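Worksheet for the structure shown next.
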Amino acid sequence: RSQKALPKIDLGCRRRRPRRRHFERRVGRPSLGRLDFSSHLPTMATAFSITRTAAAVTSANRRVASTRERRMAVKPRAAMITNDRRPVRPRFAQAARSATSVVASAAKSADDLVVDDEAGLLELVANDVDCIVMDCDGVLWQGDKLLPGVRESIQLLREMGKRLVFVTNNSNKSRRQYVHKFETLGITVEKEEVFSAAFAAAAYLKTQQLEGKAMVIGGQGIVDELNEMYIEVDPGVFNAVQCTETDWEELDIDPDCAAVIVGQDTSFTYAKLAYASLAIQRGAKFVATNPDAGDAIGPGLMPGAGAIVAAVEKACGVAPEIYAGKPSAFLLELLKGNHVDMTRTLVVGDRLDTDIAFGRAGGAGATVLTLTGVCGLEDVDAAMEDSEGGVIPDHIVQSLPHMLGLNPEDAAAIEFVEDEQEDDRQGDNTPERDDVDDYLDDEGFEDDDDMAFDSIDDQEARDAFGGRV
C-alpha cells in the first residue's frame, strides 16, 4: 500500500542541569542529545519508536553498574538488602509473576495484600524488577504538593539502576511541562521518561495519518503535543460560553476538522460541548485521553476527563474510538516499543480501573496499589466481591516510600532541614521559617548544629534522619 511521507518530527529534549541536594549522590546519566526521526507512520506498530531511549538507558545502566563495584548497601529502616544482585533468568521472572498471582488470587480480603514488612518490597524490586512504571497524581504528588519521601524513593531507585517510566493520565500538561514540574519539585527526569495521555492521544492521531485539524477540549498539554506532531489545531469556539438555539442553527464547523480530542478541561463550556458534538456527528474522529472520573485532591474528587468525555458521548451519541491513556492497549504498545519488558516491570498506581488494570493487561511482573490517592482498601474488597471479576493488585502499600522500606516521616524531616538551611543562606525570617523551627523543636532538635549535613562524613547525623549508608 502506498505510503505518504510525513514531515520530520523533532522529539528531542535539551539537557537540564540537575538540582543537586547535599544529601544526594546522583548517578550520572548521558545526554540523550536530540532524537530525530522521519518515517512513515501508517500503522500503530511504526509509531512505537517515537520516544525510543534504549541506547540512553543502556549507557546509563552501564554507569550504574560501575558504581556497584563498591558493593554499596542500602539500609532502609530495619532491613538490609544489598545492591549486588545476580542477573535473573526470564523463566525465574515468570515464576515470580506466577507466585505473585497465586498470592493475589488466594487473598480473601484487601488486608491479605497489604505489605506490612518493614523492608517493604525492596527485595522484589532489587531482584525481579528492571523497570518501574509509576503513576504521578496520587503516587508522587497531590496537586502541586510532593508527597513525603517521594524524592528519596526516586533517588534510591536511580541508585539501584532501575529504569523509571512516569505514566500519567493527566492531559493538562505536555511532557516538557511535566519535566519542568518534576524539576520544580527537586526531581530530575528526561522527557523520554514521561508518557502522558496527551502525548498518547497526539501519537494516535499521527499513526492514523490524520488529514485535517483536531479540535481540543482539554488543557494546553494536548495542544503542545499536537504541535510537536505537526497536527494543526482547530480553535473551535475559542472562549465562548453559551450556545443558544439560534447559535446552534448557525454553528459553523471548520470543514477541515477531522478529529476531536477530549480530556480534562477546567474551562469546559456548553459552547465547546455543542461544537465538539456537531463535529463528531459530521464524521470527526472522537479520541478521549483517559476515562478517569476524577482525581483525589483536597476535599474530594475533582472532576476528571472521564466526566467530560461522558458528556460529549451523550451529546453526540457516539462512543470514543479510543481512550489513549491508561489502560489502553495503544499506550501499552508505546511502552513495549520503547524496549520495556513488562514481565520485568513493576506497575505502581493509586487506581484499580486505570493503573492496576493497565499493569494486568500488559502482563506486568507485579502491580502495586498505593493508598495515597483515589482507591482504598474498601475498593479492593469491592473488586474481590465483584462477580464479574474486578481488578485486584498483587500488593498494597501505604505509599511509595513504604514500598521501598523507607520511612516517609524521616525523609520529610530531611526536607525540613534542607529548607531551613536554604532559608539561613537567604536570610529568611518569614512565618514559614517559624513553622520549621516549631517542627524541629517538637522533634527534639534544639539547635542548628544538630541539623548540619554539610559534611558527607557526618554519618551519625544522617542515620538519625533515616539516611542511607
Side-chain angles (χ1 to χ4, degrees), residues 137 168-174 177 196-205 208 210-227 229 231-297 300-326 328 330-331 351 353-354 374:
D137 295 279
T168 174
N169 269 357
N170 191 324
S171 60
N172 288 326
K173 292 181 174 63
S174 66
Q177 290 172 318
S196 68
F199 165 68
Y204 174 76
L205 289 183
Q208 300 299 301
L210 184 73
E211 296 182 358
K213 303 177 182 179
M215 184 261 184
V216 174
I217 294 180
Q220 184 64 33
I222 303 176
V223 175
D224 291 344
E225 295 293 353
L226 287 172
N227 288 335
M229 298 288 178
I231 297 176
E232 191 174 354
V233 176
D234 176 10
V237 293
F238 294 95
N239 295 321
V241 175
Q242 69 176 11
C243 177
T244 64
E245 291 184 4
T246 302
D247 295 331
W248 173 262
E249 292 175 354
E250 299 176 353
L251 189 58
D252 184 19
I253 303 297
D254 190 328
D256 293 330
C257 182
V260 175
I261 299 181
V262 181
Q264 185 184 40
D265 191 336
T266 55
S267 58
F268 183 57
T269 65
Y270 188 82
K272 290 183 180 180
L273 176 63
Y275 189 97
S277 169
L278 187 56
I280 295 172
Q281 292 178 55
R282 292 184 176 179
K285 291 179 175 293
F286 182 9
V287 176
T289 58
N290 59 289
D292 302 52
D295 294 312
I297 300 176
L301 281 179
M302 180 177 178
I308 300 177
V309 171
V312 176
E313 180 179 350
K314 285 292 185 181
C316 66
V318 178
E321 67 177 66
I322 187 175
Y323 284 94
K326 294 175 291 187
S328 78
F330 178 77
L331 181 56
R351 297 184 65 105
D353 57 343
T354 55
V374 175

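None of the values given here were measured: they were computed from a predicted structure.
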Inset, instruction - Would you please name every residue forming a salt bridge (Lys or Arg N to Asp or Glu O under 4.0 Å) with Asp224, sequence neighbours left out? - result: none
Inset, instruction - Determine yes or no for a side-chain-to-main-chain donor-acceptor pair under 3.5 angstrom, with Thr289 supplying the side chain and Gly325 the backbone. - result: no
Inset, instruction - Return the minimal non-hydrogen interatomic distance between Ala203 and Phe330, and the atom names on each side. - result: C-CZ, 3.9 Å
Inset, instruction - Hey, could you give me the CZ/CE distance between Phe286 and Met215, rounded to the nearest 0.5 Å? - result: 11.0 Å
Legend entry - Ile231 versus Ala202, closest heavy-atom pair with distance: CD1-O, 3.9 Å
Legend entry - Neighbour count above 12 (heavy atom, 6.0 Å) for Phe268 CZ: yes
Legend entry - salt bridge (Lys or Arg N to Asp or Glu O under 4.0 Å) partners of Asp353, counting only residues at least two apart: Arg351
Inset, instruction - For Ala200 and Leu331, work out which heavy atoms get closest and say how close. - result: CB-CD1, 4.2 Å
Inset, instruction - Go through the side-chain N and O atoms of Asn172 and Gln264 and say whether any donor and acceptor fall under 3.5 Å apart. - result: yes
Inset, instruction - Kindly determine whether Lys272 and Ser267 satisfy side chain to side chain contact (heavy atoms under 4.5 Å, CB included), including the steps that lead there. - result: CA-CA 9 Å; Lys272 290 183 180 180; Ser267 58; 3.3 Å; yes
Inset, instruction - To the nearest 0.5 angstrom, please state how far the CD1 atom of Ile217 sits from the CG atom of Leu273. - result: 6.5 Å
Legend entry - Side-chain touch Pro291/Val309, heavy atoms, less than 4.5 angstrom: no
Legend entry - All pairs passing side chain to side chain donor-acceptor pair (under 3.5 Å) where residues 308-322 contributes a residue, at least two apart: Tyr204-Glu321
When the side chains of residues 249-262 are checked against the rest of the protein, which donor-acceptor pairs come out under 3.5 Å, sequence neighbours left out?
from, atom 1, to, atom 2, distance (Å)
Asp254, OD1, Asp256, N, 2.8
Asp254, OD2, Lys213, NZ, 2.9

Inset, instruction - Not counting sequence neighbours, which residues clear side-chain hydrogen bond (donor to acceptor under 3.5 Å, both in side chains) with Tyr323? List them please. - result: none
Legend entry - Distance-minimising heavy-atom pair for Ala201 and Val287: CB-CG1, 4.2 Å
Inset, instruction - Check whether any side-chain heavy atom of Thr266 lies under 4.5 Å from a side-chain heavy atom of Met302, and answer yes or no. - result: yes
Inset, instruction - Measure the CD1-CG distance between Ile308 and Asp265 for me, rounded to the nearest 0.5 Å. - result: 5.5 Å
Inset, instruction - Compare every heavy atom of Glu225 with every heavy atom of Ser196, then report the nearest pair and how far apart it is. - result: OG-OE2, 4.4 Å
Legend entry - Qualifying residues under side-chain hydrogen bond (donor to acceptor under 3.5 Å, both in side chains), relative to Asp292, sequence neighbours excluded: Asn169, Asn290
Legend entry - Atom of Gly263, atom of Ala305 and distance for their closest heavy-atom approach: C-CB, 3.6 Å
Legend entry - Rounded distance [0.5 Å steps], CD1 in Ile280 versus NZ in Lys285: 12.0 Å
